[in-house]
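Here the structure is laid out as structure tokens; the discussion comes afterwards.
Order of listing sets the numbers, starting from 1, for every ligand and every atom in it.
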Amino acid sequence: MANSKYEYVKKFETDDKLPPFNWIVVRIDGCHFHQFSAEHSFEKPNDENALNLMNSCALSMLEQFPDFVFAYGVSDEYSFILKETSIFYQRRASKILSLSVSYFTSVYVMKWKEFFPHKELKGPPFFDGRVVCYPKAKIIRDYLSWRQVDCHINNQYNTCFWMLVKSGKTEREAQELLKGTVAKDKNELLFQQFGVNYNKLPAMFRKGSCVYRDKVEETVKTDEGGNPIRRTRTKVVIGHLDIIGPNFWSEHPYILNED
Ligand code: GTP
Ligand code: MG
């Protein structure tokens, strides 16, 4: 590359390498999705298509970038995890963050029609993002638990709130009724007033969405006799599972194992 007298401007760039031996979390969040969801008449409190679109973007992200080992999403946010040993873009924070946000946003727009065939995209969806380092896999588990607890609390509240509003209460009245209630009260309210068993609501709403690689058995072809030939292969999958307890992690030890 030619060396011009302008080259010195390079020296102003700062090193933003993330510290080694740290797990990396990239969390992206839809900007003004309160408004965006209203403009596109998303179902309240949960729009299945909108959530599936978010999940599809996250799945595409893991397929595109193998360094992302796990993702967890709820509402308009998604967290992506990179291992402590990852050398993705030399661990440069701005590179990792900017590509995550731009890739996710592009896929969101590209796939919009697939999930909303009868709804025109009225304005550009956009996302903000942040990168946080955590020194231990144990803290990554706590981070994910924090997000899943948040999902549960918000979803339970929003489910009650919108049931009350849809039954004729004003938003103010619904808010007043729910003030000071604990989880048990909300479950009671749903059951007594609306005959809804909270635990029977779709797992995607209650648990959020996990995206990760798993071994799956697939039929690859059939032999001459018409018998299926099955192979095990690794695939990016989506699940709506509990990630607070130990079961998921002991069944998928390779996701958060430390080298
Ligand atoms: P900023 O992130 O600060 O820009 O604000 P925001 O408006 O995006 O709010 P925030 O990220 O705190 O919360 C996400 C918001 O998106 C929710 O409060 C809802 O208004 C909306 N939203 C997300 N998912 C759904 C959905 O499935 N259905 C509906 N109706 N709204 C949703
Ligand atoms: Mg948001």
Answer with yes or no whether Ala50 contacts ligand 1, where contact means a heavy atom under 4.0 Å from a ligand atom.
-> no
So do the side chains of Glu84 and Asn22 get within less than 4.5 Å of each other, counting heavy atoms only?
-> no
Proximity to ligand 1 by part of Glu43, non-hydrogen separation under 4.0 Å = backbone
Run the numbers for me: atoms of ligand 1, each under 4.0 Å from some heavy atom of [X], listed by number.
| X | answer |
| --- | --- |
| Asp29 | 2 (O), 11 (O) |
| Ser75 | 14 (C), 23 (C), 24 (N) |
| Asn46 | 27 (O) |
| Phe42 | 28 (N), 29 (C), 30 (N) |
| Pro45 | 26 (C), 27 (O), 28 (N), 29 (C) |

Aromatic ring pairing [X]/[Y], orientation class (parallel under 30°, perpendicular over 60°, tilted between):
| X | Y | answer |
| --- | --- | --- |
| His40 | Phe42 | tilted |
| Phe68 | Phe65 | perpendicular |
| Phe70 | Tyr212 | parallel |

When rounded to the nearest 0.5 Å, the distance separating OG of Ser60 from CD of Gln64 is 6.5 Å
With rounding to the nearest 0.5 Å, note down the distance linking CG in Leu201 to CZ in Arg206.
-> 7.0 Å
Specify the closest pair of heavy atoms between Tyr254 and Lys83, including all atoms of both residues, with the distance to one decimal.
-> O-NZ, 3.2 Å
For the Mg ion (ligand 2), check which protein N, O or S atoms are under 2.8 Å away and list them.
-> Asp29 OD1, Gly30 O, Asp76 OD2
Best match, Ser37, Ala38, Cys31: closest heavy atom to atom 19 (C) of ligand 1 | Ser37
Does the side chain of Asn247 pick up a donor-acceptor pair with the side chain of Asp242 at under 3.5 Å?
-> no
salt_bridge(Lys136, Glu258) N-O dist < 4.0 Å = no
